[in-house]
Participant: 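Mind having a look at this structure? Questions to follow.
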Amino acid sequence: MDEAAIRAARILIVDDQPTNVDLLERMLGRSGYTNLISTTDPRQVLSLVAETRPGLVLLDLQMPYLDGFQIMEQLAPHMQGTYLPVLVLTADITPESKRRALSMGAKDFLNKPLDRTEVLLRIHNLLETRLLHLELQHQNQFLEVKVSDRTRQLEAAQKEILVRLARAAEFRDDDTGHHTERVGRLAAAMAERMGLDHVQVELLRQAAPLHDVGKIGIPDGVLLKPRKLSSEEFEQMKTHTGMGAKILSGSHHPLLQLAEAIAHTHHERWDGTGYPHGLKGEEIPLPARIVSVADVFDALLHERPYKPAWSIAETLAEIERQKGRLFDPRVVDVFMAVIQSEEGVRLLAETSGTVHGDDGDSPEGLHEAARRGLRESPEIFGRE
């Protein structure tokens, strides 16, 4: 134990009798305790403790204005929060006083007249205990920081693994590798505008890119076929929702649970004609309804082996046309509002190098273009 640290501890002496204060100061000073503060006015104790933050309080019980019990009531937050030991020194030798003092938080109790050796031993023991407590507290704080840092590192690694998993599936039919990221950002922007809280929005931002992870299990001859799929091939394509859900299933983490639900249901349709279960309306989880719009929007804008890229105006018009059929009408309305917002314009600008423009692709023309029904391609919606 660091004896120098014990001897350097600040000790507050509280006694209304100057002779008692002088006796304790001399006793402690001769034993190497030099960091001493004292008062004969109990009304000053609270402010002295706040200002000087002592390591030990030597407290008399019987004093004018405020007795020792009242002072301990005042010091209760300090005694509990920072482990401030109180050693009661009193001429009151009744068992009731001792029990009351100890029950109020005093760490030790000595009767007057004081025995020098006993006083010094009790003081040393209390200061040693406090020092050990502080060291343990600091060690715990250090460990908490280390655990927190390690937890953040693990969470970052887990998120990175999920991002790479999403990209692994995406590279099968999108060699740009950015489709899933854009879907995540757009879905999060829609969720935020719909009033979901920050935690839900961030979970959706991270979970949405995993919507097509099940495509890992679809053969290239089906996934990348440049022509219309046969009935058998389309049925095989539809299994990617179940495979994606299976890959992500069994986790207790909210992110993976959300990703599983999205992967499984993002091809369900508002009118009940989707797959794999033919869910209808609000039977479809809201996150999947949001991702469905974001996914189709971004997929139509970009070229795939089985389709050319659509213009922004064509894509917006098709989204509007599928309102109430493929998509939740409320989600479509939110999507249109997001696309016309500053964030939506930024998202469109990020893809400007890979989409086809037309006269209606300026931000001012987007809403009007969305009102023009141009064409419908059910197979495209089923393959994305």
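All figures in this text were calculated on a predicted structure; none of them were measured in a lab. The chain is numbered in sequence order, starting from 1.
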Participant: How many angstroms lie between atom OH of Y83 and atom NE2 of H133, to the nearest 0.5 angstrom?
Facilitator: 7.5 Å

Participant: Check each of R182, H267, H179 against D295 using the side-chain hydrogen bond (donor to acceptor under 3.5 Å, both in side chains) test, and report the only one that passes.
Facilitator: H179

Participant: Can you tell me how far CD of Q141 sits from CG of L136, rounded to the nearest 0.5 angstrom?
Facilitator: 10.0 Å

Participant: Is the shortest distance from a Lys or Arg side-chain nitrogen in R43 or D41 to a carboxylate oxygen in the other one below 4.0 Å?
Facilitator: yes

Participant: With a 4.5 Å heavy-atom cut-off, do I71 and D67 have their side chains touching?
Facilitator: no

Participant: May I ask you to decide if L279's main-chain N or O and E268's side chain share a donor-acceptor pair within less than 3.5 Å?
Facilitator: yes

Participant: Would you indicate whether the side-chain heavy atoms of Q74 and Q70 approach each other to under 4.5 Å?
Facilitator: no

Participant: Is there a side-chain contact between F109 and T90, using heavy atoms and a 4.5 Å cut-off?
Facilitator: yes

Participant: Heavy atoms only: give me the nearest V291-A208 pair and the separation to one decimal.
Facilitator: CG2-CB, 3.7 Å

Participant: Can you check side-chain hydrogen bond (donor to acceptor under 3.5 Å, both in side chains) on Q44 and T39, steps first, answer last?
Facilitator: CA-CA 7 Å; Q44 297 178 350; T39 181; 2.8 Å; yes

Participant: Are F297 and W270 connected in the hydrophobic side-chain network, where two residues link if heavy atoms are under 4.5 Å apart?
Facilitator: no

Participant: Is there side-chain contact between L12 and S38, with at least one heavy-atom pair below 4.5 Å?
Facilitator: no

Participant: Would H252 and Q257 count as a side-chain hydrogen bond (donor to acceptor under 3.5 Å, both in side chains) if you check the C-alpha gap in whole Å, the side-chain angles of each, and the deciding distance to 0.1 Å?
Facilitator: CA-CA 7 Å; H252 297 291; Q257 290 175 340; 5.0 Å; no

Participant: May I ask you to check if R7 and Y33 form a cation-pi contact, with NZ or CZ under 6.0 angstrom from the six-membered ring centre and within 45° of the axis?
Facilitator: yes

Participant: Linking I/L/V/M/F/W/Y whenever any side-chain heavy atoms sit under 4.5 Å apart, do L196 and I284 land together?
Facilitator: no

Participant: When you look at S148 and T151, which way does the side-chain hydrogen bond (donor to acceptor under 3.5 Å, both in side chains) test go after all the steps?
Facilitator: CA-CA 5 Å; S148 179; T151 300; over 6 Å; no

Participant: Can you tell me how far the CD atom of Q200 sits from the CG atom of D197, to the nearest 0.5 Å?
Facilitator: 4.0 Å

Participant: For atom CZ of R26, is the number of surrounding heavy atoms from other residues, nucleotides or ligands below 6.0 Å larger than 12?
Facilitator: yes

Participant: Might you point out which heavy atoms bring L61 and S97 nearest each other, and give the distance in Å?
Facilitator: CD1-CB, 4.4 Å

Participant: Do the side chains of R122 and E118 get close enough for a salt bridge, i.e. N-O under 4.0 angstrom?
Facilitator: yes

Participant: In chain order, what residues pass the ring pair (Phe, Tyr, Trp, His ring centres under 6.0 Å) check against H253, with sequence neighbours excluded?
Facilitator: none

Participant: Group every Ile, Leu, Val, Met, Phe, Trp and Tyr by side-chain heavy-atom contacts under 4.5 Å, then state whether I93 and L89 land in the same group.
Facilitator: no

Participant: Please name the pair of heavy atoms, one in I6 and one in H124, separated by the smallest distance, quoted to 0.1 Å.
Facilitator: CD1-NE2, 3.8 Å

Participant: Just checking, R289 and F327: is the charged tip under 6.0 Å from the six-membered ring centre and within 45° of the axis?
Facilitator: no

Participant: Verify the cluster assignment for L114 and L121: are they in a single hydrophobic cluster under the rule of side-chain heavy atoms below 4.5 Å apart?
Facilitator: no

Participant: Looking at every non-hydrogen atom in both residues, tell me the closest pair between K225 and G221 and how far apart they are.
Facilitator: CB-O, 3.3 Å

Participant: What is the minimum heavy-atom distance between L256 and L162, and which atoms define it?
Facilitator: CD2-CD2, 3.6 Å

Participant: Do K215 and D212 sit within salt-bridge range, that is, some charged N less than 4.0 Å from a carboxylate O?
Facilitator: yes

Participant: I'd like to know if the side chain of S230 reaches the main chain of E233, judged simply by a donor and an acceptor atom lying under 3.5 Å from each other, with no hydrogens or angles considered.
Facilitator: yes

Participant: Give a yes or no on whether L154 atom CG has more than 12 heavy-atom contacts from other residues, nucleotides or ligands under 6.0 Å away.
Facilitator: yes

Participant: Show, in sequence, the C-alpha distance, side-chain angles and deciding distance for M336 and I319, and conclude whether the side-chain contact (heavy atoms from CB on, under 4.5 Å) test is met.
Facilitator: CA-CA 9 Å; M336 291 298 181; I319 296 291; 4.2 Å; yes

Participant: Output, in order, the C-alpha distance, side-chain angles, deciding distance and verdict of side-chain contact (heavy atoms from CB on, under 4.5 Å) for V332 and V334.
Facilitator: CA-CA 5 Å; V332 171; V334 169; over 6 Å; no

Participant: Counting only heavy atoms from other residues, nucleotides and ligands, does the tally under 6.0 Å from CD of E192 exceed 12?
Facilitator: no

Participant: Are the side chains of D92 and N111 in contact, using a 4.5 Å heavy-atom criterion?
Facilitator: no

Participant: Side-chain contact, heavy-atom cut-off 4.5 Å: V296 with V293?
Facilitator: no

Participant: Regarding E283 and K280, does a basic nitrogen lie under 4.0 Å from an acidic carboxylate oxygen?
Facilitator: no

Participant: Check this for me: does any side-chain nitrogen of one of R330 and D333 sit under 4.0 Å from a carboxylate oxygen of the other?
Facilitator: no

Participant: Going from CG on L286 to CG on D328, what distance comes out if it is rounded to the nearest 0.5 angstrom?
Facilitator: 7.5 Å

Participant: Is any side-chain heavy atom of L165 less than 4.5 Å from a side-chain heavy atom of I216?
Facilitator: yes

Participant: For the atom pair CG (L24) and CG (L36), what is the distance rounded to the nearest 0.5 Å?
Facilitator: 9.5 Å

Participant: Nearest heavy-atom pair of L59 and G68: which atoms, and what distance?
Facilitator: CD2-O, 3.6 Å

Participant: Answer yes or no: is there a side-chain heavy-atom contact under 4.5 Å between L84 and P54?
Facilitator: yes

Participant: How long is the span from the CG atom in L126 to the NZ atom in K107, to the nearest 0.5 Å?
Facilitator: 9.0 Å

Participant: Show the numbers, then the answer: is there a side-chain contact (heavy atoms from CB on, under 4.5 Å) between S341 and R193?
Facilitator: CA-CA 11 Å; S341 69; R193 188 170 284 261; 3.6 Å; yes

Participant: Test of understanding: clusters of I, L, V, M, F, W, Y form through side-chain heavy atoms closer than 4.5 Å, transitively. Do I37 and L46 belong to the same one?
Facilitator: yes

Participant: Please lay out, stage by stage, how V14 and D60 fare under the test side-chain contact (heavy atoms from CB on, under 4.5 Å).
Facilitator: CA-CA 6 Å; V14 184; D60 187 24; over 6 Å; no

Participant: When you measure from the side chain of S292 to the backbone of A288, do you find a donor-acceptor pair of N or O atoms at a distance under 3.5 Å?
Facilitator: no

Participant: With the threshold set at 4.0 Å, does a side-chain nitrogen-carboxylate oxygen contact exist between K112 and D15?
Facilitator: yes

Participant: Between the side chains of Q236 and T239, is a donor N or O closer than 3.5 angstrom to an acceptor N or O?
Facilitator: no

Participant: With ring centroids as reference points, do H264 and H211 lie under 6.0 angstrom apart?
Facilitator: no

Participant: Got more than 12 heavy atoms from elsewhere within 6.0 Å of NE2, H138?
Facilitator: yes

Participant: Rest of the hydrophobic cluster containing L134 (Ile/Leu/Val/Met/Phe/Trp/Tyr, side-chain heavy atoms under 4.5 Å)?
Facilitator: none

Participant: May I ask you to decide if A317's main-chain N or O and E320's side chain share a donor-acceptor pair within less than 3.5 Å?
Facilitator: no

Participant: Backbone N or O of K238 within a donor-acceptor pair of the T241 side chain at under 3.5 Å?
Facilitator: yes

Participant: Under a 3.5 Å distance rule, please check whether Q62 uses its side chain to pair with a backbone N or O of A91 as donor and acceptor.
Facilitator: no

Participant: Within the supplied structure, the quantity of interest is the number of heavy atoms (other residues, nucleotides, ligands) at a distance under 6.0 Å from E96 CD; does it exceed 12?
Facilitator: yes

Participant: Please assess T40 against Q17 for the test side-chain hydrogen bond (donor to acceptor under 3.5 Å, both in side chains), listing each intermediate value before the final yes or no.
Facilitator: CA-CA 6 Å; T40 56; Q17 298 297 321; over 6 Å; no

